[in-house]
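Just below is one structure, and these are the notes that go with it.
Since we're looking at a predicted model, the values are computed, not measured. In each ligand, atom 1 is the first atom listed, and ligand 1 is the first ligand listed.
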Amino acid sequence: MVASADIKITRVAKSRVGEYDVNNVPFGKIFADHMFIAEYENGKWSKCSIQPYEDVPMSYALSALHYGQAIFEGMKAYKSDEGVVSLFRPIDNFNRLNKSAIRMAMPEVPEEIFMGGLTELLKLDKNWVPDGDFGSLYIRPFMISTDEAIGVRPSDNYKFVIICCPAGKYYAEPVKVLIEHHYFRSVRGGVGYVKAAGNYGRSLYPTRLAQDKGFQQVIWTDSETNKYVEESGTMNLMFVIDNTLLTPALSDTILAGITRDSVLAVARDWGLKVEERKISTEEIIAAHNAGTLMEAFGTGTAATIAHIKAIGFEDHLYELPAVEDRKFAPKVDEFLRNLRKGREQDKHNWMLKVC
Ligand code: COI
């Protein structure tokens, strides 16, 4: 890990944390005191610093703004009942960031910079980690290209930055989702399997159209056949049909979600039958009509587990059983919450204690 001695640390004169109830702030709007920055120039990473969170002066020609050479991660830190701050599966986020970097022709971030910067930042901003049952510190590592040049080519310069914000629930209520079959989130050979900033920008217009119809989110289908479901909004998608947990198999159009992987691992630990495969819209509707569609939910770092209460498809609304009657998703949600608070045995070694 990059030692704290190699990070130029400038602390805030006075912490802002006392101005907020960190257990009760809107998602993604209030930022912790400090941020970590590493700069890539002349073919190498250098200049690691932690400084007070602030706006960045920048050129309007910044290449990330024009061509979207920008990637990010979403991860969380939790505070146990004893006050210990731990990260959930940080190495998986580190590996996925670099997978995104490769696909977007960006330099990979060394592990010692990612983990060293993150650890030092958390030590400084420990008081920003909520201690309530549903709270966490949402961590946003990201990389942007920083050449000031109009011209489409990989940038020579980059910044890797980590900012943090206290977070509660992303969705306060179960969501109503619309199966989208005109617009697509990702295509074969594209960037759907990585966290490229543009994946999210392109989703906004179809999502707004769905919201205008009273839905909170869309379910994306595959762009080749329009038959198979892939993700929902910014989440991986899961169903319980006939006591089997089903989720679309990973491909280059689906993000390898860390919450997705965790939920599948816990389901297998509990002896539930799990299938990762193509799931058609037809199969979901048929299961609903046969009374075997017991649960549908999204998984993601921000959303954790988002229960789906109804699915819209071609002018029909298919209502699902009430969340209280669901056997799997509420239970795995609670289990993961308790694990992150240090109340469950961590048999997969997912938690990394920081301070
Ligand atoms: C996450 O779940 O962490 C995401 O990145 C989704 C979203 C907040 C963009």
Checklist entry - If you count the atoms of ligand 1 from 1 in the order shown, which ones are under 4.0 Å from a heavy atom of F72? => result 5 (O)
Next on the checklist: Only heavy atoms of G74, strictly under 4.0 Å: list the atoms of ligand 1 that pass.
Outcome noted: 3 (O)
Next on the checklist: Tell me whether T234 has any N or O atom under 3.5 angstrom from an N or O of ligand 1.
Outcome noted: no
Item to check | Within-cut-off N or O pair, A302 and ligand 1, under 3.5 Å | outcome: yes
Checklist entry - Is it true that the side chains of S15 and D33 contain a donor and an acceptor less than 3.5 Å apart? => result yes
Item to check | Between N93 and E73: side-chain donor-acceptor atoms closer than 3.5 Å | outcome: yes
Checklist entry - Knowing that exactly one of F36, F142, F94 qualifies, which makes a ring-ring contact (aromatic ring centres under 6.0 Å, His included) with F114? => result F94
Item to check | Atom pair NZ/NZ of K213 and K176 - distance to nearest 0.5 Å | outcome: 12.0 Å
Next on the checklist: Can you see whether W270 has K331 sitting over its ring - NZ or CZ less than 6.0 Å from the centre and within 45° of the normal?
Outcome noted: yes
Checklist entry - Going through the checks in order, is the side-chain contact (heavy atoms from CB on, under 4.5 Å) test met by Y40 and F160? => result CA-CA 8 Å; Y40 184 87; F160 169 64; over 6 Å; no
Checklist entry - Using heavy atoms and a threshold below 4.0 Å, how should the contact between R140 and ligand 1 be classified: side chain, backbone, both, or neither? => result side chain
Checklist outcome for this item: Within the 4.0 Å heavy-atom cut-off, what K195 brings close to ligand 1 is side chain
Item to check | Residue, atom name and distance, where the atom is the protein heavy atom closest to atom 3 (O) of ligand 1 | outcome: Y138 OH, 2.5 Å
